[in-house]
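Below, chain A is the first sequence line, B the second, and so on; all start at residue 1.
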Amino acid sequence: MPELPDVENYRRYLEKHALRQKIAHVAVHDTRSLRHMSRQKLSRALAHHTFTTTRRHGKHLFARLDNDGGWLAMHFGMTGRLAYFDAADKEPENDRVRFDFENGRHLGYVDARLLGRIELADDIDAFIAHRDLGPDALSDDLDSETFDGLLAERKGGLKAALMDQSLVAGLGNLYVDEILFQTKLHPLAHVQDLSAAERRRIYKAMREILRTAIKSGAGSEGLYKRLPKSYLIPRREAGAKCPRCGGKVEHITAAGRSTYFCPDCQKR
DNA sequence: CGGGCCTCCTGGTAGC
DNA sequence: TGCTACCAGGAGGCCC
């Protein structure tokens, strides 16, 4: 669920609440949320330091440490989020890692299903290369021509390609379905069958949808009500009414994922 | 290289 | 009402 728009809003949330506050202590409630790292290592790296700035690449959020100790890297899996709270007794359920600041407030890394991971990274570019992540889907460097080139050299299922973080980083199941809906492409379409015009339409829709989702407050409660009425995302239910033609939304599996689309709008 | 399937995880819910 | 079975989904691993 936390895809690019959600993580972008988590980034802004962290900037707003937790920047330049000295970390007194880190409480790791569940080490399964840590990747290649003990709770001692994380505590040592963070205690008595501050987050100075943030970055995001695809679905990864990075917070820089002031001691030149590199970056804290967070991935949110499917149920991860951040929660800033002012008293220990307000700690949310499933808080896996809690950053305690000297001002008495706390930032929680909350992840019910434990599919997300926290780690440390010396260098973001190296991290991205090591993870084989493609360009961020909203990056200024990713223009329509570059995207067209990446897609043009791919084969296979379109949905799988768009979900592949090594092609473009940041898209997940929901926003890929939305892109396909807005561009009227069938979820089982193949990349090699796309025209150049269709590839350009995908690019435009991708950028527009991601920006709109960020503005609509992705990553917080009630997003579905704030998204434009023309969006499919709030109608992810078989038999729901297509917001464009009024037809029936259908459910299939594509690229191994639960997929919703309108068979009347999205012809093969 | 592509595709399909499994695993990690647990909360929520459909179905009996 | 209470139980079980299954699904949600990001990512990585495995096999064909």
What contact category does [X] fall into here, base, sugar-phosphate, or nothing, at under 4.0 angstrom with non-hydrogen atoms?
X	value
A/Leu114	sugar-phosphate
A/Gly157	sugar-phosphate
A/Gly156	sugar-phosphate

Checklist entry - So which nucleotide from C/dG10, B/dG11, C/dA8 ends up closest to the side chain of A/Asn94? => result B/dG11
Any side-chain N or O of [X] under 4.0 Å from OP1/OP2 of [N]?
X	N	answer
A/Arg257	B/dC5	no
A/His75	C/dG10	no
A/Lys59	C/dA11	yes
A/Gln165	C/dA11	yes

Checklist entry - So which of A/Glu3, A/Lys159, A/Arg257 actually passes side chain to side chain donor-acceptor pair (under 3.5 Å) with A/Asn173? => result A/Lys159
What integer distance in Å separates [X]:[atom1] from [N]:[atom2]?
X	N	atom1	atom2	result
A/Leu174	C/dG9	CG	P	6 Å
A/Met163	B/dG2	CE	C1'	15 Å
A/Lys159	B/dG2	NZ	P	18 Å
A/His29	B/dT10	NE2	P	16 Å
A/Met78	C/dA11	CE	P	13 Å
A/Arg81	C/dG9	CZ	P	18 Å
A/His57	C/dA11	NE2	P	11 Å
A/Leu167	B/dG3	CG	P	13 Å

Next on the checklist: Using only modelled atom types and a 3.5 angstrom limit, is any donor from either the side chain of A/Arg117 or the base of C/dA11 paired with an acceptor on the other?
Outcome noted: no
Next on the checklist: On DNA chain B, does the nearest nucleotide to A/Ala112 precede the nearest nucleotide to A/Arg154 from the 5' side, or the other way round? Give the residue.
Outcome noted: A/Arg154
Checklist outcome for this item: By nearest-nucleotide position on DNA chain B, the 5'-leaning member of A/His190 and A/Leu115 is A/His190
Checklist entry - Does a salt bridge link A/Asp148 with A/Arg200, judged by any charged N lying under 4.0 Å from a carboxylate O? => result no
Item to check | Closest-nucleotide 5' rank along DNA chain C - winner of A/Arg113 and A/Arg35 | outcome: A/Arg113
Item to check | Ring geometry between A/Phe127 and A/Phe62 (parallel below 30°, tilted from 30 to 60°, perpendicular above 60°) | outcome: perpendicular
Item to check | Heavy atoms from other residues, nucleotides or ligands near CG of A/Asp122 exceed 12 (cutoff 6.0 Å) | outcome: no
Item to check | Cation-pi check, A/Arg244 onto A/Phe181 ring (under 6.0 Å, within 45° of axis) | outcome: yes
